[in-house]
Amino acid sequence: MEYGYRKRLNVPYEQAVERMQQSLKEQGFGVLCEIDVAATIKKKLDVDFGRRYVILGACNPHLAYEALQAERELGLLLPCNVIVYEDGDESIVAVIDPKVMMGVVENEKLSSVAERADALLKKAIDAV
């Protein structure tokens, strides 16, 4: 089952992170949190993860507000996760498919929000 969209970039990791953050911003998303997976695994497990890997917690305030009005506990599924990781000399960027994520909630009011979030996240990843 596909649960996200991805794109391979022929750019270094740092540049891919910057581009993804800028692209999200252009589509109305803010980055609420940034998790450095490799640093966290090193700190908690004293294991080298082997590549730089970040999880960006992206949120479009208008869509989040609308979704939370329709489903009060939807915050359990927010924010939308976006990942960037290095793959050799290249980088991978990927975004969650909000339609799949919100599909676990049986609430018809969420389908239009998920469709709009999906379209914006696809635009963000396509523009990187």
So which atom in [X] and which in [Y] form the shortest heavy-atom distance, rounded to 0.1 Å?
{"X": "Asp97", "Y": "Asp118", "answer": "OD1-OD1, 3.5 Å"}
{"X": "Gly57", "Y": "Asn81", "answer": "CA-OD1, 4.3 Å"}
{"X": "Val54", "Y": "Tyr13", "answer": "CB-OH, 3.3 Å"}
{"X": "Val113", "Y": "Leu63", "answer": "CG1-O, 3.7 Å"}
{"X": "Pro12", "Y": "Ser91", "answer": "C-OG, 3.3 Å"}
{"X": "Ala64", "Y": "Cys59", "answer": "CB-SG, 3.6 Å"}

Can you confirm whether [X] sits close enough to [Y] that some side-chain heavy atom of one is under 4.5 Å from a side-chain heavy atom of the other?
{"X": "Val82", "Y": "Leu24", "answer": "yes"}
{"X": "Cys80", "Y": "Leu121", "answer": "yes"}
{"X": "Gln69", "Y": "Tyr65", "answer": "yes"}
{"X": "Lys42", "Y": "Val47", "answer": "no"}
{"X": "Tyr85", "Y": "Arg52", "answer": "no"}
{"X": "Tyr53", "Y": "Val84", "answer": "no"}

Practice problem: Please lay out, stage by stage, how Glu86 and Arg51 fare under the test salt bridge (Lys or Arg N to Asp or Glu O under 4.0 Å). | Solution: CA-CA 6 Å; Glu86 63 184 351; Arg51 67 174 40 114; over 6 Å; no
Rounded distance [0.5 Å steps], [atom1] in [X] versus [atom2] in [Y]:
{"X": "Glu115", "Y": "Met102", "atom1": "CD", "atom2": "CE", "value": "10.5 Å"}
{"X": "Ile35", "Y": "Ile83", "atom1": "CD1", "atom2": "CD1", "value": "12.0 Å"}
{"X": "Glu106", "Y": "Glu71", "atom1": "CD", "atom2": "CD", "value": "10.0 Å"}
{"X": "Met20", "Y": "Leu9", "atom1": "CE", "atom2": "CG", "value": "9.0 Å"}
{"X": "Asn10", "Y": "Glu90", "atom1": "CG", "atom2": "CD", "value": "5.0 Å"}

Tell me whether [Y] is reachable from [X] by hopping between hydrophobic residues (I, L, V, M, F, W, Y) whose side-chain heavy atoms are closer than 4.5 Å.
{"X": "Tyr5", "Y": "Ile55", "result": "no"}
{"X": "Tyr3", "Y": "Leu56", "result": "yes"}
{"X": "Leu76", "Y": "Leu68", "result": "no"}
{"X": "Leu77", "Y": "Ile96", "result": "yes"}
{"X": "Phe29", "Y": "Val100", "result": "yes"}

Self-check item: Donor-acceptor contact below 3.5 Å, side chain Thr40 vs main chain Asp36
Solution: yes
Quiz item: Is the backbone N or O of His62 less than 3.5 Å from a side-chain atom of Asn60, with the two atoms forming a donor-acceptor pair by type?
Solution: yes
Quiz prompt | SB check Glu26 Lys123 (cutoff 4.0 Å) | solution = no
Quiz item: Does the pair Asp126/Lys7 count as a salt bridge with the N-to-O cut at 4.0 Å?
Solution: no
Quiz item: Under 3.5 Å, is there a donor-acceptor pair linking the side chains of Ser112 and Arg116?
Solution: yes
